[in-house]
Amino acid sequence: MSSHGLLPFLLRTLSAEFLIFGTLYLSCSLSYRLLGRANVVRRWCATVLIAMWLMSAIFHLLLPLEQFRLSAVLLLLGLLVFAARLKGYPYSLFLHRLWRDLSWFARVWRLNSASRYRWLIYLFALFVLVKCIRSVLLPPLGWDTLTYHAVKAAMWIQSGGPASMEAPGGWSVYRTYFGGGEIFTAWAMLPFHNDLLVGLVDPLQWLFLGLALYGLGRQLGLKSKYACIGTIYVLCLPAAHLSVGASYVDLGNSLVLITSLMFAVRFLRYRDKPSALLAVIGFGVASGIKVTALPVAAVLLPLMGWFMARNRQLSTGKWILAGGLAALAILVPWLAYNLQWTGYPLSPMPISLGGLTLGVSPPTLTWYQDLLSLEPYIWSSEKISLKWLLRWPTTPSLHLSVMTLLPLVLFLVIFPSYSFKKTSIAILSIGFMGAFALFYYSPGFSVVRIHFGEYNGRFLIPIASVVVLLSLSWCRHRSQTTELYLLYLGLATVLHIAGGIFYGWAAFERLTVPLSLVLLLVFIFSLSGLPGRWTHPRLLTATAVLAPLLLLPALAFYKDFTRYRAAGQSDLMHPTVKYWAAASELVDEPESPKHIAVTAGPWQKADNWAMYFFMGRNLQNRIFYIPVSRSGEIIDFGPEGTREKYAQFDSWAGRLLQQ
C-alpha cells in the first residue's frame, strides 16, 4: 500500500472525501445562488467552473506561503464550508438537491436510451466506462506528463511552495508555462502524497466537457437529440478520447473554454448577468491553464462588452468587472512567476504589443526552431501539419479525423444563413474560432504546429466542437438528409471508438480492465434495482463515504503491484520511450528517500527526461539538475554551447558530491 499502514491510509481516504465533498458543497451553493432554478445542465456547468476556480484560488493563496499541504488545505476548506453553512445553506438541502439532479440525469438517460439512436448511446456508455476504468487503474503515462506536467505537480506537493527546476533544454520553457492545468493533478496527489487519485482527473474533465458541449449546443439553438449526437461525436474524436488518462491539460482547457463560450452565448441571448460573470471567470481559468486561451479571452471579452454597450446593459458591467477580478486573481500569479524568472510576464511566447515586450522566446526554443527542416507558412510544410490533423478515423493518434471534413463543409455552407438569423452569436463564434486559429498559426507556435503535428489535434478540440455543433443547426425533424447526416456522425463515432478503444493496452490489462468493467456493471445494475426506500439521499451518501474506504486500499495495492509493469508496457495518448522504466523501479524505495541528479548534453532535448517515475511512488525522491559547465552556470542549448564551454567532468562530479 502506497501510504504506510492501514489506519493512516483510511484517514487519508476520509481527507480525500472531504476535499471532494467540501469543494462540491461550496461550488453547488455558489451556483445555486447565482443561477437559482436554472436547468440542471447549466447549473452543473456553473458548479464545475466554480469548483475549478475555487481549487485554483486556494492553491494560489497557499502556494506562496509554502503551505499547499494537506493539513492547510483541509483547514481552509473546512473554514469555507463552515462559513457557507452559516450563510444558510444546510448540508441536508445540498444532499436533497444533489440527489434530485442525479435523478434528473437518470431520467434523461432512460429517455435517450429509448430513442432510435440507443445503439450509439449504449456503445458510447460502454466506451466511457472502459476509458474511465483504464485511466483509474494506470499511473500517469503521457510523454509530457512524465517530463513536466506530473513533475511540476509533484514538486509542489513535495515542497508545498512554488518549486521548479532550473535547467537548460525543455525545462527552460516548461518552468514558464502557466500551471493552471497541473493544479488539478496536484489536488489529486494531495491526500495520499502520490498519484493514486490522479487517474480520476481526466475522466471527470472529459465527461464534464460532454456536459458543456451539450449545453453549448442547446444555447446555439440545437434540439436535444442533435446536441447529444454532436457531443458524442466530439468526445469520441481521437484527439479527445486518447487524451483521457494521459494527465495532460488540454481536456481541462477545452472544458473551461467550451463552458465559458456557453455562458457567453447565454448572456447574448437572454442578457443574463450571472452568465456574463461566469463566462469572464471561465476565460480567466482557461488562460491560467494554457496560454492559447489568452487570445480567445482578448477577443471575446471586448465583444461581450460591445454587445453590452450596444444593448445598453450598463448594469451588467458590475458583473463583468467582478468576473474580471476573480479571473485575474488566478491568472496574475503565473504572470508574476514568469516576470520573476525571465523578466517578462508572457514568456516563453515571443509577444510584443505597441513596442512593449511582454514575452521572449528562450534560446533553446530559438535554437530548436532553427534546426527544423520544415519552414512555416509554405505549403509543403503546412500540408504535413494538416495531414496529421485529418487522418483516417481508425488511426490511433491525436487527430481530428478526416471524417470531420463533412461537418466543416456543412458549417461553411450554413453559417451565412445562421449569421443572418443570429448575428451576435455568429460573431462571438467566429471570434472564438478565429482567435484560436490566429494563435495556432502564429510564428511562436510554428515549432509545435509543424514539427509535432502528429499530436496537435488536442489543441484544436474547441474549434472542432463549435464546427460540429453549428453544422447540426440545419437539421430538421423527419428530414431524410438530417437522418443521413446523423447516421454519418454515428458511424464515424463507431470508427473512432474502434480505432482507439484498445490502443496501448499491455498484456496484463487485457484481463484486469474487462474484469473491472464487469464488476462495475454488476454494481450499477444492483443499485438501479434497489427499491425506492433504499435509495434515500442519506443512505446513498453513506455509501459514497464507505465505498472508498473499501475500494481505495484494493486500488492502491493493485497500482503498486502493476506500477512498473505499466510503465514499461502500457501507453496512453501516444507511444513513449521505455528505457527509463527499469531504472526508476530500482530507486523507488519509499522508506529510503533519495536525491537524484538529471543532466544531458547540448544535443539532448529535455523532452526525453522522463523524470516523474524517478520521484517514487510516494514522491519521496527529489530531482535536481546539476550544471556541467566549469563555472556552474546553466547554459542553454544552442550552437554556441560548445563542448569546451560545457564539459568538465570534475566540476560536475564535485557538485554531485555537494548535494
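We're numbering straight along the sequence, starting at 1. Treat the numbers as computed from the prediction; the structure is a model and nothing was measured.
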Counting distance only, does the side-chain N/O of Arg218 pair as donor-acceptor with the main-chain N or O of Leu222 below 3.5 Å? yes
Pairing residues for Tyr488 by the ring-ring contact (aromatic ring centres under 6.0 Å, His included) criterion, not counting sequence neighbours: none
Residue pair Leu389 / Asn456: nearest heavy atoms and the distance that separates them: CD2-C, 4.0 Å
Rounded at 0.5 Å granularity, tell me how far OG in Ser516 sits from CG in Leu521. 11.0 Å
Students often mix this up, so state it plainly: with edges at 30° and 60°, are the rings of Phe68 and Phe59 parallel, tilted or perpendicular? perpendicular
Whether Trp187 side chain and Met55 backbone form a donor-acceptor pair below 3.5 Å: yes
Mind checking whether Ile183 and Ile289 have side chains closer than 4.5 Å, heavy atoms only? no
What do the steps show when you test Tyr117 against Trp119 for side chain to side chain contact (heavy atoms under 4.5 Å, CB included), and what is the final call? CA-CA 5 Å; Tyr117 293 98; Trp119 60 272; 4.2 Å; yes
Flag side-chain contact, heavy atom, 4.5 Å: Pro139 against Phe613: yes
If only side-chain N and O atoms count, and only distance matters, is there a donor-acceptor pair under 3.5 Å linking Gln620 with Asp588? yes
4.5 Å side-chain heavy-atom contact, Ile50 and Leu278: yes
Indicate the atoms forming the closest heavy-atom contact of Met403 with Ala492, along with that distance. SD-CB, 3.6 Å
Is there side-chain contact between Ile497 and Val494, with at least one heavy-atom pair below 4.5 Å? no
Atom pair CG/OG1 of Leu242 and Thr395 - distance to nearest 0.5 Å: 10.5 Å
Main-chain N/O of Leu138 paired to Arg563 side chain as donor or acceptor, under 3.5 Å: no
Can you confirm whether the side chains of Thr185 and His149 place a donor and an acceptor under 3.5 Å from each other? no
Just say parallel, tilted or perpendicular for the rings of His241 and Phe127, cut-offs at 30° and 60°. perpendicular
Derivation of the side chain to side chain contact (heavy atoms under 4.5 Å, CB included) call for Leu211 and Trp44: CA-CA 8 Å; Leu211 190 67; Trp44 271 93; 3.7 Å; yes
Kindly compute the distance separating CZ (Arg12) from CD (Glu17), expressed to the nearest 0.5 Å. 14.5 Å
If you compare all heavy atoms of Thr259 against all heavy atoms of Ala212, which two are closest, and at what distance to 0.1 Å? OG1-CB, 3.3 Å
Less than 4.5 Å apart, any side-chain heavy atom of Ile461 and any of Asn253? no
Find the distance between CZ (Phe263) and CD1 (Ile258) and round it off to the nearest 0.5 Å. 13.0 Å
Spacing of Leu190 atom CG and Ile157 atom CD1 [to the nearest 0.5 Å]: 4.5 Å
Going by an N to O cut-off under 4.0 Å, is there a salt bridge joining Lys578 and Asp571? yes
Minimum heavy-atom distance Leu255-Leu209, with the two atoms named: CD1-N, 3.6 Å
Side chain Thr145, main chain Ala246, donor-acceptor under 3.5 Å: yes
Distance from Leu14 atom CG to Phe9 atom CZ, nearest 0.5 Å? 11.0 Å
Between Ser584 and Tyr612: side-chain donor-acceptor atoms closer than 3.5 Å: no
Would you say the side chain of Gln219 lies within less than 4.5 Å of the side chain of Arg42, judging by non-hydrogen atoms? yes
Between Leu398 and Arg458, the two heavy atoms sitting closest are CD1-CD, 3.9 Å
Can any side-chain N or O of Ser31 pair as donor or acceptor with the backbone N or O of Cys28 at less than 3.5 Å? yes
Spell out, as yes or no, whether a donor-acceptor pair under 3.5 Å connects the side chain of Tyr248 to the backbone of Ser243. no
Quick check: Phe94 with Tyr32 (ring centres under 6.0 Å apart)? no
Would you please indicate if the ring centroids of Tyr455 and Trp143 are separated by under 6.0 Å? no
Under 3.5 Å donor-acceptor, Ser135 side chain and Gly199 backbone: yes
Could you walk me through whether Tyr558 and Phe561 pass the ring pair (Phe, Tyr, Trp, His ring centres under 6.0 Å) check? CA-CA 5 Å; Tyr558 173 83; Phe561 181 71; 7.7 Å; no
What's the verdict on side chain to side chain contact (heavy atoms under 4.5 Å, CB included) for Met611 and Ile596, showing C-alpha distance, side-chain angles and the deciding distance? CA-CA 10 Å; Met611 296 181 289; Ile596 298 175; over 6 Å; no
If you apply the rule side chain to side chain contact (heavy atoms under 4.5 Å, CB included), what do you find for Val130 with Phe502, and how did you get there? CA-CA 9 Å; Val130 170; Phe502 298 118; 5.8 Å; no
Tell me whether Trp392 at atom CH2 has more than 12 heavy atoms from other residues, nucleotides or ligands lying less than 6.0 Å away. no
Within the side chain of Lys290, is there an N or O that forms a donor-acceptor pair under 3.5 Å with the backbone of Val249? no
Under 4.5 Å between any side-chain heavy atoms of Tyr485 and Leu489, yes or no? yes
Give me the ring orientation class for His399 and His496: parallel if the planes are under 30° apart, tilted from 30 to 60°, perpendicular past 60°. perpendicular
Between Ser247 and Asp202, what is the shortest heavy-atom contact and its length? N-OD2, 2.8 Å
Flag, side chain of Lys594 to backbone of Phe614, donor-acceptor distance under 3.5 Å: no
Do the side chains of Met573 and Asp144 get nearer than 4.5 Å, heavy atoms only? no
Check for a donor-acceptor pair, side chain of Thr231 on one end and backbone N or O of Tyr214 on the other, with a separation under 3.5 Å. yes
